[in-house]
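Worksheet: the structure to be examined is printed underneath.
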Amino acid sequence: DKYNGELYVMGHTIDILPMHPLRKDSEEEKRVELHLHTKMSAMDGVGEIENYIKVAKSMGHKVIAITDHGVVQGFPEAQKHATELGIKVLYGAELYMVDDNLHYAFNPQDILLHDATYVCFDFETTGLSSKYDRIIEFGATRFEKGVVVDTIDFFINPGRPIPKKITDITRITDEMVKNAPGEKDVLTKIKSFIKDAVLVSHNAEFDIGFLNEALDRNGQEKITNPIIDTLALSRYLFPEARYHNLGALCRNLEITSYNDDEAHRADFDARILNEVWLAILNILVRDNMMMTHADLAKLKANDAILKHLKPRHVVVLAKNELGLKNLYKLISLSHINYLAEIPKIPRREMIKHHEGLLFGSACFNGEVFDTARTRNKEDLKKVLAFYDYIEVQPIPNYCYLVNVGSIENNKQVQRFIEDIIEAADEIGKPVVATGDAHYVNPEEKIHRDVYIMAKAVGGKPHPLNTNPYERAGEVYYENPDQHYRSTKEMLKEFCFLGEEKAREIVVTNTNKIAQTVQELFPVKSKLFAPKIPGTEEFLRSLCFKTAREWYGNPLPQHIEDRLSRELNGIINNGYSVNYYIAHKIIAKAKEDGYLVGSRGSVGSSFAATMAYITEVNPLKPHYRCPNCKNSEFVSDSKYSSGYDLPDKLCPVCGTKYIKDGQNIPFETFLGFNAEKIPDIDLNFPSDYQARAHDYTKELLGEDSVFRAGTIGTTADKTAFGYVRGYFERLGQDPNTVPRAETAYLASHLTGVKKTTGQHPGGIMVIPNDKEVYDFTPVQYPADDKESTWKTTHFDYRAIHDSLLKLDLLGHVDPLALKMMCEITNINVEDIPMNDPKVISIFSSDQSLGRKNNFLKVETGALAIPEFGTDFVRGVLRKTRPNTFAELVIISALTHGENVWANNAEDLIDQKICGLRDVIGCRDDIMTYLTDKGLEPKIAFAIMESVRKGKKVAPQLADIMRAHNVPEYYISSCNKIKYMFPKAHAVAYVMMAVRVGYFKVYYPLEFYATFFSVRSKQYEFNTMLKGEDAITTRIEELRRKTLNRSERLQPKEVGIYDTLKIAIEMVERGYKFGNIDLYKSDAVNFTVDYDRGVLIPPFTVLDGLGESAAYSVIEARKDGKFLSKEDLLSRTKLNNTNMEELESLGVLNDLGDTNQISIFEF
DNA sequence: CAGTCCCGTAGGCATAC
DNA sequence: ATCACGTATGCCTACGGGACTG
Ligand SMILES: Nc1nc2c(ncn2[C@H]2C[C@H](O)[C@@H](COP(=O)(O)OP(=O)(O)OP(=O)(O)O)O2)c(=O)[nH]1
Ligand SMILES: [Mg+2]
Ligand SMILES: [Mg+2]
Ligand SMILES: [Zn+2]
């Protein structure tokens, strides 16, 4: 397209080709992948577990491991898809292990530190490996009785070229060592210098490793001198410090003689080290003059060292249920006790929890490969001993190290791999070839490339990025190949070992490991409900007590029957504790002066009504007498809500009847036989929610309640951003990339974990006889140690079937109602549900009494919760409801995709149904189908699948047809994407009616509350100016919505929403007053009854937030503001705030400075 | 007095009921 | 190009300004 530069393909005919075949594996005997990352490896894995499993199946693989970075959040999906395809999953994770017991001393001896003789020394070498590299310089100082008595420094010819990298660091060239003696000729010299002194080195394992290796090579004994490591001591002394190199240690010890120009030469470093050691020695013996070399081992480092200890990757696989639990414990410990930006786990905890687990040595970030790179075989074997099996990976997996120059070339990588295998063979540790897969197929490599290029959460570069700081001129090397490899591919990668050896590590050993692992199912389907002695009886008697208070004693038989039946279901299925707790929290909130809103399917339970958990009464429409407890049930099908019954006096005692009953089946909540696991939902005022949550800890104990966790992943918008960033960093303008390509790439980047979070209200309850680790690991949300809640590592869906949830949600409605009740002195319970004027606002705006109608509204539903949007008001306009029952139907019809639009609306338009016979809520489906003669359980199952947006299964649709369910009904079911339970609709209509009551009868209080708690955005100068200004602005914004090329910014949408309510208020004859330094509240609109206006809070101004607003309230308690200067200095207002206040005329009475102001007095 | 850190404010995004 | 589900919590980032620090 020449106009927009996009590439277009014009299709004339379309042939549907067969699916691209999944990859095969031509080897007969299959390998097992023991190291694999899914999208749950944050900002790194791009392979979908479902696809891994499908490809594994296609390749004939029977087993596959899942080992994400530090987490097990991929387990649920893995189990789901593996079960479907009959693949066995090895459940595990790749953990970050640290050694937090520091080795300050080697070869311990009982020598008094304060008067020992020391040799501080340092080597320069050709590289990091004591085996493959050589010493090129030795420098040392000898220190006796408080004075340096000798120093020494000389070069050693390594007999090989010095790598450029080393010359860059040390400034030592081949030329300088050319005439120096060789290694063999200097050993005696070194030994005679150090004699039997205590040796001090910075990173002793490195220096001593080189020395011993050299001695060994030349047939000499290793040294036995006592050794001190100042690197470990640096961590001990400065646990918070990030860096512990010699320069950093000098800065921390305030040693100033260190300088970068002379550093990294053995003579200089040895001299500095001598100073360093003296300083440390002073600190150590200050408290304990008698401290010995051996005593150093007893020093106990602070936990803060964890943060800066280098983590080593270790793969952990669960062999059985015990192992799974131990794995969950390790995951929890690392995310809670040892969290240090990343979840670390000390080796000792690994050892403690080893039972049921297999430890594998992981990738090049594991200690095995590191040891192979830096140490000799003997050390390597010691390291290998910790592991149950040893991993080696294809050479391309290590390319990062070669690219950045840490390893010379692939040949050297191969040598390290061979060394590892040789050492492992000698001590009988099985070696396995692992692929460390990060994506499924080779062509998906670019998806990971995009993530390697992207910044992780917190702005951190990906560890494999070869130009992490985006320096111009530096290279982004090609990233390693890490797709899911076939046996054939893997054998080829290891052909350098010879056919037999390759087969052993690729096929034989991986299968052996897999065989020692039991097939596990981490997602449990059995429910473990909490038990507290006495709660069942408490609940039963509470419910019957309320019932008798309401309906008399003895209870009418059908009420007694329903309550008993419900209570049996509730108690037998383990819900009594949750009912009990919900009851207690609500009682507490009320005691604390708060309202609690009802919500959710629990309103279908009469027992819940009786326990005051919901305001919804699910019984059939009825009257009951508050005085003599007489009740009267109404069978007239005209009334489907008790609130619509005509007023009536009790025939027995003449008292005005209470009207109630919504006709809701209990089964919507729990099913016929507890087929589903509902939660209990409650709407707490937003400012009370946290307290409600805290109270569960008090009631059940800290170890029994956990906030449900959520997993935040990359979705569309973020994915597009990453793709654009990727092209930008490669120097390409992302706007020149075809949109289709960007979209294609982005679509493959979604679902990758970024962070974790907290469920909006869900509190998971752990039964007393279980531990949380029986179900899930725990963590802090977003790994934030300051969080008041620990969260479940798995999200709610994964543990839905095994644990109960209390959903203590936040909502503005109860908060708003409380505010309105307080300023009007009205009791919520006294607000009628059938006030004709109030009900009329849902079909007409007459009762609002407005002078003008700029927006041409036809109903009064604006600003009524869940009814005030353009869409819902449109439905109201079309249906003009005038009963509570109709509002309930409309509530459900206007929530969820394809419920009204493309569905009920069409049926009504085509006169196939009336408003009262379309599917008007979830429960309708079950009731209707049972009436048609379907088995209740089948009717229930269909209801559940419809409300979840799933189509009715074909067999079930056939059953429906067999029972004469019309085709339109089936297709209506199939279109619904989501549907309210009736109980929820009732609860929400109740709230809407209450809010409507205030809107009709207490407009100023209503608008004050609306603007305080609902409005997201204000444009206060427009609001203050009044009707003309508001209508002009609305018109301007509306024109923008109609204009296709222009879109309203989110902020403008907010302003638009607020102005719509503002104009309604103004048309009803009410006004906004100005901000008043002494009358305005910090955050809420208040009513000025004298002037009949609303006084805005300070926060209506953009950029003036809560903190600044409250500071004004505080400051004015200390007396009047004398001047603008005074106001500015006594509050947290900033200059922009001041300017805005000024332009609104709020500061008219104030002079610029105090002098003038005093003068004016 | 410039650099750094922390706080307040706002907006974007993802997830959930 | 969205004639439509509405309302909630929470995490991350950017930015500007004041307090702190070398
Ligand atoms: N508007 C709207 N409301 C929702 C949606 N999902 C849930 N709600 C409301 C209505 C639900 O009854 C209420 C509680 O949600 P739950 O997830 O607990 O489901 P519910 O209680 O209906 O069924 P349950 O028995 O818990 O499985 O929250 C939604 O997608 N849109
Ligand atoms: Mg629920
Ligand atoms: Mg819920
Ligand atoms: Zn009576």
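Order of the sequence lines sets the chain letters (A, B, ...), proteins ahead of strands, with each chain counted from 1.
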*Quick one: is R707(A) getting a side-chain N or O under 4.0 Å of the dG10(C) phosphate, OP1 or OP2?*
yes
*Phosphate contact (dC7(B) OP1 or OP2) by S1107(A) side-chain N/O below 4.0 Å*: no
*Using a 4.0 Å heavy-atom cut-off across all strands, classify A1108(A) as base, sugar-phosphate, or nothing.*
sugar-phosphate
_Can you check the distance between dA4(C) and dC17(B), where both ends of the measurement are the P atom (answer in whole Å)?_
26 Å
*Please work out if E905(A) contacts a base, only the sugar-phosphate, or nothing of the nucleic acid, heavy-atom cut-off 4.0 Å.*
nothing
*Can you find a side chain N or O atom of H811(A) that sits less than 4.0 Å from OP1 or OP2 on dT7(C)?*
no
*Report the nucleotide, chosen from dC17(B), dG6(C), dT13(C), that has the shortest atom-to-atom distance to any side-chain atom of V457(A).*
dT13(C)
*dC5(C) pairs with, by Watson-Crick or G-U criteria that keep both distances under 3.5 Å*: none
*Verify the contact: side-chain N or O of Q758(A) to OP1 or OP2 of dT15(B), cut-off strictly under 4.0 Å; return yes or no.*
no
Mind listing the N/O atom pairs, protein and nucleotides 18-22 of chain C, below 3.5 Å?
none

_Just to be sure I understand the rule, does V899(A) reach a base, reach only the sugar-phosphate, or reach nothing, if contact means heavy atoms closer than 4.0 Å?_
nothing
*Give G458(A) one of three labels, base, sugar-phosphate or nothing, depending on what nucleic acid heavy atoms sit under 4.0 Å from its own.*
sugar-phosphate
*Under 4.0 Å between a side-chain N or O of T1136(A) and OP1 or OP2 of dG16(C)?*
no
*Nearest-nucleotide wise, let me know which of Y796(A) and D716(A) is further upstream toward the 5' end of DNA chain B.*
D716(A)
_By nearest atom, which of the nucleotides dA14(B), dC17(B), dC12(C) is closest to the T755(A) side chain?_
dC12(C)
*Below 4.0 angstrom from OP1 or OP2 of dG6(C), is there any side-chain N or O of R599(A)?*
no
*Are OP1 or OP2 of dC17(B) and a side-chain N or O of H984(A) less than 4.0 angstrom apart?*
no
*Does the separation of the ring centres of Y988(A) and H984(A) fall below 6.0 angstrom?*
yes
*Salt-bridge contact R994(A)-E615(A) (side-chain N to carboxylate O under 4.0 Å)*: yes
*Give K1051(A) one of three labels, base, sugar-phosphate or nothing, depending on what nucleic acid heavy atoms sit under 4.0 Å from its own.*
sugar-phosphate
_Under-4.0 Å salt bridge between E1139(A) and K1124(A)_ = no
*At under 4.0 Å, does any side-chain N or O of T710(A) touch on OP1 or OP2 of dT9(C)?*
no
*Output the single nucleotide from dT2(C), dC12(C), dC17(B) whose closest atom is nearest the side chain of A782(A).*
dC12(C)
_Of the options dA14(B), dT9(B), dG11(B), whose atoms approach the side-chain atoms of Q1017(A) most closely?_
dG11(B)
*How about Y796(A) and D807(A): does a side-chain donor come under 3.5 Å of a side-chain acceptor?*
no
*Figure out the CZ/C1' separation between F794(A) and dT15(B), and round it to whole Å.*
19 Å
_First encountered from the 5' end of DNA chain C, between S787(A) and N898(A)_ = N898(A)
*Under a 4.0 Å N-O cut-off, is there an ion pair linking K805(A) with D679(A)?*
yes
*Under 4.0 Å between a side-chain N/O of S686(A) and OP1 or OP2 of dA8(C), yes or no?*
no
*Under 4.0 angstrom, heavy atoms only, what part of the nucleic acid is R1014(A) near: base, sugar-phosphate, or nothing?*
sugar-phosphate
*asked:* Taking any heavy-atom pair under 4.0 Å as a contact, classify D784(A): base, sugar-phosphate, or nothing.
replied: nothing
*Ignoring hydrogens and angles, state whether a donor on the side chain of Y780(A) or T756(A) is under 3.5 Å from an acceptor on the partner side chain.*
no
_Would you say K805(A) places a side-chain N or O within less than 4.0 Å of OP1 or OP2 belonging to dC17(B)?_
yes
*Please, which pairs that meet salt bridge (charged side-chain N to carboxylate O under 4.0 Å, His left out) have at least one residue in residues 1009-1021 of chain A, sequence neighbours excluded?*
D813(A)-R1014(A), E1019(A)-R1033(A)
*Answer yes when D870(A) and R877(A) have at least one side-chain N-carboxylate O distance shorter than 4.0 Å, and no when they do not.*
no
*Rounded to the nearest angstrom, tell me the gap between atom CD in E1139(A) and atom P in dG17(C).*
11 Å
_Basic-acidic side-chain contact under 4.0 Å: E77(A), K39(A)_ = no
*asked:* Any base atoms under 4.0 Å from N683(A), or only sugar-phosphate, or nothing? Heavy atoms, all strands.
replied: nothing
_Interatomic distance, L1042(A) CG vs dT2(C) C1' [rounded to whole Å]_ = 14 Å
*Would you kindly give the CG-to-P distance between D870(A) and dG6(C), to the nearest whole Å?*
9 Å
*asked:* Tell me whether the rings of F867(A) and F842(A) are parallel (<30°), tilted (30 to 60°) or perpendicular (>60°).
replied: perpendicular
*Salt-bridge test for E886(A) and R880(A): reply yes if a basic N is under 4.0 Å from a carboxylate O, no otherwise.*
no
*Send over the distance from H759(A) NE2 to dT7(C) P, rounded to a whole Å.*
19 Å
*Are K982(A) and F980(A) in a cation-pi contact, defined as NZ or CZ under 6.0 Å from the six-membered ring centre and within 45° of the axis?*
no
*What is the distance, rounded to the nearest whole Å, between atom CD1 of I711(A) and atom P of dC11(C)?*
14 Å
_Using a strict threshold of under 4.0 Å (side-chain N to carboxylate O), is an ion pair present between R1047(A) and E1052(A)?_
no
*asked:* Let's see if you get this right: which residues in residues 886-896 of chain A place a heavy atom under 4.0 Å from DNA chain C?
replied: T894(A), H895(A), G896(A)
*Considering just the side-chain nitrogens and oxygens of R873(A), establish if one lies under 4.0 Å of OP1 or OP2 belonging to dA4(C).*
no
_Separation of dC13(B) C1' from Y722(A) OH (nearest whole Å)_ = 11 Å
*For the pair made of CG in D681(A) and P in dT7(C), what is the distance, rounded to whole Å?*
18 Å
